[in-house]
Amino acid sequence: SKAQQKGRSLFFNESINKQVKRDFLIESELREALSKNEFSVLYQPQISVDSGKIVAVEALIRWYNKILGHVSPDEFIQVAEDIGMIHDIGSFVIEQALQDILHYNVKHNATLELSLNISPKQLIETNFAEQMIAAIEQFSFKANLVTLEITENIFISDLDKVQPILKRLRDHGFRLSLDDFGTGYSSLSYLSNLPMNEIKIDRSFINKLLVSSQSEALVKTIIAIGQFYNLTVVAEGVESKAQFERLKHYNCDLIQGYYFDRPLSIIDLHAKYSTHDVS
Ligand code: C2E
Ligand code: CA
Ligand code: CA
Ligand code: CA
């Protein structure tokens, strides 16, 4: 009916209006978030399938704002790229994480590795390689303990720009990981053209691992490809023992996911992994 239609379009307008307001707020609040100290960094353990021990953590940014509450990085990283704030936010994560994990390693006499998500814009539009090298020198951190996770869909347009930057980083000793592997267009050609050390199987495939034989075949194939290229294979989003067992069966190297741990504050990381073993 007309009345129903009117109700629906009113609702529609209202929800659009809400989203526009939220986007506007995210953008304006994001501009001040760094100076207001609203960001923090969490660390999600990566566990070796062979030893059962924690070998690395992935740094994941968090934003809490008084008006907006918790805002997911999936929502604000894109905005940060658009308004040119990704460089400053990226530097914040790099410095905080290097400092936290250096401290962890000194305190526990450990060699925990650190994975950092690097946004395409961050990688291409700044003097990223030099910045990264300066950062580890400042903290006396070893390059071979740092893995840079890069999403594979960035390369399509910028392969020529990306290649020398990655080569410079790799030559300096950093490890390179192809994130969200399998979700992009040319996964395989990247592996032969880029100096990668690692691939991360996207969560969407792990999700369906036990319910879709197609996904299982894909995961099995990705792991085999990784082994063929001599790469470390990481599975993300592992939530159950059954998924873990299946990945172990296919010889996946590292496992990350809620089955072991959610992303942890540095304090919780110290507490839970003070013996450097999985408890
Ligand atoms: P990603 O790199 O694919 O990170 C994995 C995401 O999966 C994280 O979401 C993590 O918290 C979540 N996750 C891990 N294990 C599980 C699990 O077992 N189940 C489920 N349901 N989820 C799991 P998060 O922290 O919300 O980050 C979302 C995305 O935001 C990341 O996806 C990454 O692309 C981006 N991001 C996060 N931190 C940073 C950062 O510091 N810099 C940049 N440039 N991007 C970041
Ligand atoms: Ca990642
Ligand atoms: Ca992913
Ligand atoms: Ca991602």
Side-chain angles (χ1 to χ4, degrees), residues 26 30 33-34 38-47 56-64 69-98 100-101 113-126 128 131-132 135 146-154 175-184 187 196-210 219 222 232-244 247 252 254-266 268-269:
I26 286 178
L30 197 55
L34 261 178
E38 294 178 348
F39 293 114
S40 57
V41 182
L42 298 184
Y43 302 95
Q44 189 175 33
Q46 296 180 346
I47 308 297
V57 288
E58 179 181 9
L60 294 159
I61 192 170
R62 292 293 177 265
W63 179 26
Y64 180 78
H70 289 283
V71 187
S72 156
D74 276 329
E75 205 171 357
F76 72 79
I77 291 289
Q78 175 71 53
V79 181
E81 289 184 352
D82 293 344
I83 65 175
M85 284 205 60
I86 193 64
H87 314 291
D88 290 345
I89 293 173
S91 299
F92 163 79
V93 174
I94 291 166
E95 283 173 24
Q96 182 72 58
L98 286 173
D100 283 348
I101 301 308
E113 298 179 26
L114 170 66
S115 280
L116 296 163
N117 289 288
I118 305 302
S119 147
K121 283 241 165 81
Q122 206 181 343
L123 185 73
I124 292 167
E125 288 177 8
T126 50
F128 182 75
Q131 186 198 326
M132 203 59 232
V146 178
T147 300
L148 304 171
E149 295 189 6
I150 297 140
T151 48
E152 64 165 10
N153 51 10
I154 76 163
R175 296 182 75 250
L176 302 174
S177 175
L178 209 44
D179 207 353
D180 299 338
F181 191 81
T183 61
S187 314
M196 307 313 292
N197 304 83
E198 177 182 289
I199 50 182
K200 286 190 85 168
I201 309 174
D202 192 57
R203 198 170 82 219
S204 56
F205 301 121
I206 306 302
N207 253 335
K208 289 180 276 178
L209 176 62
L210 301 172
V219 168
I222 292 175
T232 304
V233 182
V234 186
E236 73 174 18
V238 178
E239 294 184 349
S240 69
K241 185 173 167 53
Q243 289 171 337
F244 168 72
L247 290 159
C252 188
L254 299 180
I255 303 285
Q256 182 181 348
Y258 295 173
Y259 174 59
F260 290 106
D261 276 303
R262 299 203 166 229
L264 303 170
S265 71
I266 187 63
D268 290 345
L269 184 75

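Remember, it's 1-based here, ligands and their atoms both numbered in the order they're listed. All residue numbers in this chain count up from 1 along the given sequence. The figures here come from the full heavy-atom set of this structure, side chains too, leaving out hydrogens, waters and symmetry mates.
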Using only atom types and a distance under 3.5 Å, with no angle test, would you say the side chain of Gln122 pairs donor to acceptor with the backbone of Ile118? no
If you apply the rule ring-ring contact (aromatic ring centres under 6.0 Å, His included), what do you find for Phe244 with Phe260, and how did you get there? CA-CA 10 Å; Phe244 168 72; Phe260 290 106; 5.5 Å; yes
I want to know if ligand 1 touches Ile61 in the polar sense, i.e. an N/O pair below 3.5 angstrom. yes
Considering distance alone, does some N or O of Ser72 sit under 3.5 Å from an N or O of ligand 1? no
How large, to 10°, is the angle at the Ca ion (ligand 2) when you draw lines to OD2 on Asp179 and to OE1 on Glu149? 90°
Considering only heavy atoms of Pro263, which atoms of ligand 1 have at least one such atom less than 4.0 Å away? 11 (O)
Decide yes or no on side-chain contact (heavy atoms from CB on, under 4.5 Å) for Val41 and Phe92, but give the supporting numbers first. CA-CA 9 Å; Val41 182; Phe92 163 79; 3.9 Å; yes
Would you say Arg203 touches ligand 1, if touching means a heavy atom closer than 4.0 Å? yes
Rounding to 10°, state the angle centred on the Ca ion (ligand 2) that links OD1 in Asn117 with OE2 in Glu58. 80°
Can you tell if the side chain of Ser177 reaches within under 4.5 Å of the side chain of Ile150, non-hydrogen atoms only? no
Are any of the N/O atoms on Gln122, whether in the backbone or the side chain, positioned under 3.5 angstrom from an N/O atom of ligand 1? no
Just so I know, are the side chains of Leu247 and Leu209 near enough to count as touching, which here means a heavy-atom distance under 4.5 Å? yes
Suppose I only count heavy atoms of Asp179 and a 4.0 Å limit; which atoms of ligand 1 are within that range? 2 (O)
Ligand 1 versus Ser119: contacting region, heavy-atom distance under 4.0 Å: both
Is there a side-chain contact between Ile89 and Leu30 in this structure, where contact means two heavy atoms from C-beta onward sitting under 4.5 Å apart? yes
Please identify which atoms of ligand 1 are closer than 4.0 Å to at least one heavy atom of Val93. 41 (O)
Any N or O of Tyr259 that comes nearer than 3.5 Å to an N or O of ligand 1? no
Please give the atom name: the N, O or S atom of Asp202 nearest to the Ca ion (ligand 3). OD1
Could you tell me which N, O or S atom of Asp180 is nearest to the Ca ion (ligand 3)? OD1
Does the residue Glu58 have a heavy-atom contact with ligand 1, meaning some pair of atoms that are separated by less than 4.0 Å? yes
Should the ring pair Trp63 and Phe76 be called parallel, tilted or perpendicular, given that the plane angle runs from 0 to 90° and is split at 30 and 60? perpendicular
Is it the side chain, the backbone, both or neither of Val41 that has a heavy atom closer than 4.0 Å to ligand 1? neither
Do Leu264 and Pro45 have side chains that get closer than 4.5 Å, going by heavy atoms? yes
Which option, Asp180, Ile94, Asp74, Leu60, owns the non-hydrogen atom nearest atom 3 (O) of ligand 1? Asp180
Out of Asn117, Ile118, Ile150, indicate the one that has the non-hydrogen atom closest to atom 45 (N) of ligand 1. Asn117
Regarding ligand 1, does Gln44 bring an N or O atom to under 3.5 Å of one of the ligand's N or O atoms? yes
Working for side-chain contact (heavy atoms from CB on, under 4.5 Å), residues Lys200 and Glu58: CA-CA 12 Å; Lys200 286 190 85 168; Glu58 179 181 9; 2.9 Å; yes
The Ca ion (ligand 3) is nearest to which N, O or S atom of Glu236? OE2
Interfacing atoms of ligand 1 (cut-off 4.0 Å, heavy-atom, Gly257): 15 (N), 18 (O)
Please walk me through it: do Glu75 and Val79 pass side-chain contact (heavy atoms from CB on, under 4.5 Å)? CA-CA 7 Å; Glu75 205 171 357; Val79 181; over 6 Å; no
Measuring only between side-chain heavy atoms, which start at C-beta, is Glu236 closer than 4.5 Å to Gln44? no
Test of proximity, Asp202 against ligand 1: N or O pairs below 3.5 Å: no
Once you restrict to heavy atoms under 4.0 Å, what part of Glu236 touches ligand 1? Side chain, backbone, both or neither. side chain
Which ligand 1 atoms does Glu239 reach within 4.0 Å, using its non-hydrogen atoms? 17 (C), 18 (O), 19 (N), 20 (C), 21 (N)
Considering only heavy atoms, does Thr151 approach ligand 1 within less than 4.0 Å through its side chain, its backbone, both, or neither? neither
Report the member of Ser240, Pro73, Ser177 with the shortest heavy-atom distance to atom 27 (O) of ligand 1. Pro73
Any side-chain heavy atom of Leu114 within less than 4.5 Å of one from Val57? yes
Would Arg262 count as a contact residue for ligand 1, given that I'm defining contact as a non-hydrogen atom of the residue lying under 4.0 Å from a ligand atom? no
Would you mind reporting whether Ile101 and Leu269 have side-chain heavy atoms less than 4.5 Å apart? yes
Donor-acceptor check, side chain of Asn197 to backbone of Leu176, threshold 3.5 angstrom: yes or no? yes
Between Tyr259 and Ile47, is any pair of side-chain heavy atoms under 4.5 Å apart? no
